[in-house]
Amino acid sequence: MITPAFELSQDPDFLTIIINVPYAKVSEFDVYFEGKDFKFYAKPYFLRLTLPGRIVEDGREEASYNVDKGIFTVRLPKETPGQYFDGLDMLTALLAQKKSRSAKPLVEEIGTSAELAEEEEEEEEEEFDWEIEQTPYHEIAESTLHLQCCYGFGNLKSGVFQRLQDELSDVIDVKDPDLTAADGRRQKRLETEAAKFDPDHYLADFFEDEVIQHVLKYKPWWVDACAKKVASQGRRHQEHVSQTTFVSWSEEEREQLRKFTNKSYLLDKRTRHQVYFSLIDILLAYCYEICITEGDKNVESSWNIRKLSATLCWLESFTSIPEVLVSFGRRVLCYPLYRHFRLVTRAFSDTVMILQLGKSAVLKCLLDIHKIFRENDPAYILNDLYITDYCIWIQKTKSKKLAALAESLQKAKLTKAHLGFALEELESAARLVQEEESELKAVSAVSKQQLRSSELETSDSEESSSTSSSETESSDSDEQESSTSEDGKINSLQGTLQEERTAPLIDCSGLGRDTDTLTLDVSNEKSKASLQSTSVSGKLIEELGKKMQTAIRLSEQTEGLATASYTVLQEKGANYAVEPQRLSEDPGGKENFLEVSPKENLLLFVGRTNEDED
């Protein structure tokens, strides 16, 4: 028989059941309902439901069938009008068989021993499978039995990792979980987390949190659902009726709920508390994953969820809510890509909202986790250990329990000091270093500005000095030009004097002989020119003296005429005119004179006869 797809809804007076039975044989529909029981049969489909409330047959019931869509719809009146049926979306729980409550012992012998023997032989002939696989029996030591450690949902499983150690080594972090007690697992987990914590990574995400601020703005579906629930709390009746609209279900999720095998879990009080605490731990890891991926799950989603949950990764069993929060906070700061405390608080608030929405929201999240693990190898084993059982168990949980759990979780406080990584000290030290670096940057910036200003001043001074030097050069060039012009005037004057003041020397025979030209250096009023002219005229005097001595010797040898001598007269600082004097007289009666220019510092060479130099 095939269990069809079905869906339940309600209004204040009626319960509506929609059953999808394509290609069913319409002539063979059969519907039965009474109290909390509902049965439907249409070959080859069969559906049996145990309803959360009582229904009644009073003539108001209705049924219809859509041939084109293959949908059968039944409307059944409620026994108590206005009653709210809780858990209509918990499909696995609705498929459960009605529990038979009896005070009779579960095992009872009926009939004679002979009859029982015959019945046992018949059952053995009918039910025993001769092809069953046989396994050799190995006696297990009593000490080994005591070392067997439990884990999984409600600590109901053990010995799994002895058979699947190779496959599960990539899924969990604990080594030899079957031989490691819960206390030993916790101690090793804390040591591993302490060794894994990276202060540099944490501080990098703490100061450079642009990406984290971006993902924190994402709003998952439960935020809107929780807002709708808060808005609808004004009217109690409407709240009950519309509560199923807070969570929507996909067809894939409904199909997965129908595939689950209904189970009953016998849990004591301590174990039930551990199951609730581990549920919080798994939901925290899931909320973190949804936040950082913004609902777009990827290949790392399976790793993130199982790594952040100590329940899944270390098979941890918690005893209080603070233990759960501290464990999750430590693992967020040790393992994922984004390690920021605000991501811890965000997952914390999201988990509170999910629990406040009720078991429908919790079940939807668990189904999503189940799908993520189912599509990842070998993480699918965690479904068998935890998630599948949680999906079945949560459907039978009372909503009051989840509401109380959400309230307790909301009152819990988690600070950075609780995590044990000295985060506040790290942040303070990092801020001090940051302030020092900013001060150094400010000082360097000021020094750079001062250097630039000094460079500007230097360049300005260089420009001013170059300007002054250029002005000096221009003034020097002007002076040089003026001195050059004056020198040109002096040279022109010297040329004139040279042309006009050259006279031939007379030897003793009366014949004229050309001699070297006497050049008179005339100085201007400046002392520099006078010094230069004095030095030049000294050389000329020496040369002229040598030549004159030679001429005198010649004249004494031939005719014994009077020798000519020359006296140098220099008048300093006076401006006067010297009268021309007679130098010599030629035989023709002509006289030759040496004229002197009426200038300051004039050198005059005058030829005298047998007179001393004044």
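Everything quoted here is computed from the prediction, not taken from an experiment.
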Kindly determine whether Tyr286 and Ile282 satisfy side chain to side chain contact (heavy atoms under 4.5 Å, CB included), including the steps that lead there. CA-CA 6 Å; Tyr286 174 73; Ile282 295 172; 5.6 Å; no
Evaluate ring pair (Phe, Tyr, Trp, His ring centres under 6.0 Å) for Phe29 paired with Phe40, printing each intermediate quantity in order. CA-CA 8 Å; Phe29 278 114; Phe40 170 82; 5.8 Å; yes
Decide yes or no on salt bridge (Lys or Arg N to Asp or Glu O under 4.0 Å) for Asp224 and Lys228, but give the supporting numbers first. CA-CA 6 Å; Asp224 295 335; Lys228 292 178 181 178; over 6 Å; no
Test side chain to side chain contact (heavy atoms under 4.5 Å, CB included) applied to Asp205 and Leu337, step by step: CA-CA 9 Å; Asp205 287 348; Leu337 177 62; over 6 Å; no
Could you give me the CA-CA distance, side-chain angles and deciding distance for Leu279 and Val362, then say whether side chain to side chain contact (heavy atoms under 4.5 Å, CB included) is met? CA-CA 9 Å; Leu279 175 64; Val362 176; 4.1 Å; yes
Worked check of side chain to side chain contact (heavy atoms under 4.5 Å, CB included) between Ser250 and Glu255: CA-CA 9 Å; Ser250 65; Glu255 180 65 25; over 6 Å; no
Let me have the donor-acceptor pairs involving side chains of residues 214-221, under 3.5 Å, with sequence neighbours excluded, atom names and distances please.
none

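Between the side chain of Ser301 and the backbone N or O of Asn298, at least one donor-acceptor pair lies under 3.5 Å. In this structure a side-chain-to-backbone donor-acceptor pair under 3.5 Å is missing from Asn376 to Ser302. The closest donor-acceptor contact from the side chain of Tyr386 to the backbone of Gly152 lies under 3.5 Å. Between the Gln395 side chain and the Thr92 main chain, a donor and an acceptor come within less than 3.5 Å of each other. Remark: the backbone N or O of Glu323 is not paired with any side-chain donor or acceptor of Ser327 at under 3.5 angstrom. Lys36 places no side-chain N or O within donor-acceptor distance of the main-chain N or O of Leu51, the cut-off being under 3.5 Å. One N or O on the side chain of Arg339 and one on the backbone of Cys334 form a donor-acceptor pair closer than 3.5 Å. Of the possible donor and acceptor atoms, one in the side chain of Arg186 sits under 3.5 Å from a partner among the backbone N and O of Ser317. Looking only at distances, a side-chain donor or acceptor of Asp178 sits under 3.5 Å from a matching main-chain atom of Gly159. The backbone N or O of Gly70 sits nowhere less than 3.5 Å from a side-chain atom of Tyr23 that would complete a donor-acceptor pair.
Cation-pi geometry between Lys401 and Tyr276 is not met: the NZ or CZ atom fails to fall both under 6.0 Å from the ring centre and inside 45° of the normal. By the 6.0 Å and 45° rule, Lys263 does not stack over the aromatic ring of Trp393.
Residues Thr388 and Asn383 have side chains that never bring a donor and an acceptor to within less than 3.5 angstrom of each other. No hydrogens or angles considered: a donor-acceptor pair under 3.5 Å links the side chains of Ser399 and Asp86. Side-chain contact of Asn304 with Lys297: a donor-acceptor pair under 3.5 Å is absent, judged by distance alone. Side-chain atoms of Lys371 and Gln256 include no donor-acceptor pair closer than 3.5 Å.
Residue Cys226 holds its SG atom at 6.0 Å from CE of Met353, rounded to the nearest 0.5 Å. To the nearest 0.5 angstrom, Lys43 atom NZ is 5.5 Å from Tyr41 atom OH.
Ring-plane geometry between Phe260 and His370 is classed as perpendicular, the angle between the planes exceeding 60 degrees on a 0 to 90 degree scale with a lower cut at 30. The aromatic rings of Phe421 and Phe197 sit parallel to each other, their planes meeting at less than 30°, with 60° as the upper class boundary. Note on ring orientation: taking the six-membered ring where Trp is involved, the planes of His340 and Phe206 are parallel (angle under 30°, cut-offs 30° and 60°).
The environment of Glu191 atom CD is dense: over 12 non-hydrogen atoms of other residues, nucleotides or ligands sit within 6.0 angstrom. For Gln213, the CD atom sits in a packed shell: over 12 heavy atoms of surrounding residues, nucleotides or ligands are nearer than 6.0 Å. By the 6.0 Å contact criterion, CD on Glu34 is open, its count of non-hydrogen atoms from other residues, nucleotides or ligands being 12 or less. Other residues, nucleotides and ligands place more than 12 heavy atoms under 6.0 Å from the CZ atom of Arg60. Around atom CG of Asp296, no more than 12 heavy atoms belonging to other residues, nucleotides or ligands sit under 6.0 Å away. With a 6.0 Å radius and a threshold of 12 heavy atoms from other residues, nucleotides or ligands, Arg258 has its CZ atom above the threshold.
Taking 4.0 Å as the cut-off between side-chain N and carboxylate O, Asp11 and Arg75 count as a salt-bridged pair. Salt-bridge check for Lys39 with Asp30: failed, with every basic side-chain N at 4.0 Å or more from each acidic carboxylate O.
Applying side chain to side chain contact (heavy atoms under 4.5 Å, CB included) to Leu419 and the options Arg331, Arg330, Glu193 leaves one that passes, Arg330.
Taking the side chain as every heavy atom from C-beta outward, Tyr45 and Asn20 never approach each other to under 4.5 Å.
Closest heavy-atom contact between Asp13 and Pro81: OD1-CB, 3.4 Å. Phe246 approaches Ser232 most closely through the heavy-atom pair CZ-OG, 3.4 Å.
In this view, His273 satisfies the ring pair (Phe, Tyr, Trp, His ring centres under 6.0 Å) rule with no residue, not counting sequence neighbours.
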